[in-house]
Number of protein chains: 2
Amino acid sequence: MKKKLEDYDLHASCPIRNVLDRFGDKWSILVILLLGEHKTAMRFNEVAQTIGDISQKMLTVTLRTLEADGMVMRKHYPEIPPRVEYELTELGKSLLPHINGLAQWAVKNYDTITKSRKKFIAKKQLVS
Amino acid sequence: MKKKLEDYDLHASCPIRNVLDRFGDKWSILVILLLGEHKTAMRFNEVAQTIGDISQKMLTVTLRTLEADGMVMRKHYPEIPPRVEYELTELGKSLLPHINGLAQWAVKNYDTITKSRKKFIAKKQLVS
DNA sequence: TCACTTACTTACCAAAAGGAAACTATAGGT
DNA sequence: ACCTATAGTTTCCTTTTGGTAAGTAAGTGA
C-alpha cells in the first residue's frame, strides 16, 4: 500500500517527529539546499540535472510534498512545451539556516566520522 | 539483503549526503535529542521507556550506528544482570545545537505546515 | 530447579521507499 | 507522418526499513 499525503497525520501529537519525519527521505533536504543556493527559480529538469541521480518520479513526489508543506512554490506556465518553476517560500527560506548549519557540521566532521566508522568496524572484526 | 555498517561508504564523494543520510532514519535524531537533554548517562531500558514506542531491535541498531559514527559513547559494566550506559560524545554534543535548531523550527512552524497540508489536499480534491 | 533480570541477537515478515521504463499531452518543426 | 521538447504519471519491480516474537547469557533469589 502506498503512503499518500493524507496519511501523513501520524505523530500529530509530536510536532518535532511530525515535521522532521518529512525530511527523513532521500531527497527533501537536498532539494531545499539546492533551491536555497540558487538565487532564481529553477525548472524541473534543471533541478533533476543538478542532482544528477534522482529519478523523475522521486523528484516529482519530493517537490509535491514540499509544496504541500508550504516549503516550495510551484509556478506553472501554460506553454508548450510546459514550463514549471520552483523556488523556496518564506517558510522554506526560514529553514535554510538550520539545514545549512547541519550541512556545515557534516562537512566539518566528515573526516572524524569516517575514521570513527573504520575504527569501529576494525574493533568488531577483532571481537568476532 | 541486509545493509551492514560496512556498506555505508556510499556517497563517499559527498560529505553532506554521506553524513545526513545517517540521520534520515526513524530514531537517530530522537535518540541524540534525548541523550542531549539528559544530564547523566542513560541506560538502555531508560532510553527505550522514554521514547516509548521503539522496539528493542531498533534501539540497538540505532545506538550501534551512533556509536560507530562516534556520536555516542557506550559504557558496558560487566555485572549481572548487565548494565550498559549511553551518553553523547563531544562530537555528539557538537551536533546538538543544530538539531535543536531544527526542532525549535519544527515546533514554531508546526501550525503553518499542518494548515498548508490541509489546504493543499483540499485544492487537490477540487481539481480531480 | 525455576523464575527473574538486562541487554541484547536472530529469524521471519509486512510495509514503505524508490528505481526503471513506458506512456501521456500538446504544439512546433521537417 | 514523424520527431522533439517538458513535465510529468503509471505500472511493475526490487531494495530497504522496521516491527514482532522468540531465543540467549549468566548470575541472583525463592
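Proteins get letters first, then strands, A, B, ... in listed order; numbering begins at 1 in each.
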Atom OH of Tyr77(B) and atom P of dA25(D) are separated, to the nearest Å, by 25 Å
Quick one: does Arg74(A)'s side chain get under 4.5 Å of Arg64(A)'s, heavy atoms only?
yes
Would you mind reading off the distance between Ile51(B) atom CD1 and dG19(D) atom C1', rounded to a whole angstrom?
15 Å
Side-chain N or O of Lys26(B) closer than 4.0 Å to phosphate OP1/OP2 of dA16(C)
no
Can you get from Ile80(A) to Val84(A) by hopping between Ile, Leu, Val, Met, Phe, Trp and Tyr side chains that sit under 4.5 Å apart?
no
Roughly how many Å is it from NE2 in His76(A) to C1' in dA7(D), rounded to a whole number?
8 Å
Report yes if the side chains of Leu88(A) and Leu66(A) come closer than 4.5 Å at any heavy-atom pair, otherwise no.
no
Taken to the nearest whole Å, CH2/Trp27(A) to P/dA16(C) is 22 Å
To the nearest 0.5 Å, what is the distance between CG on Leu35(B) and CE on Met73(B)?
13.0 Å
If I take atom CE in residue Met42(A) and atom P in nucleotide dT6(D), what distance separates them, rounded to the nearest angstrom?
14 Å
dT15(D) P sits how many Å from Asp25(B) CG, rounded?
21 Å
For the pair made of CG in Asp21(A) and P in dA16(C), what is the distance, rounded to whole Å?
13 Å
Mind listing the closest non-hydrogen atom pair of Pro15(B) and Val107(A) along with its distance?
CB-CA, 4.3 Å
Roughly, in whole Å, what's the span from CE in Met58(B) to P in dT20(D)?
12 Å
Given protein heavy atoms under 4.0 Å, the one-letter contact record of nucleotides 1-10 of chain C, with B base, S sugar-phosphate only and - none, is simply ----BBBBBB
Point-to-point distance, once rounded to the nearest 0.5 Å, from CD of Glu87(A) to OG1 of Thr40(A)
8.5 Å
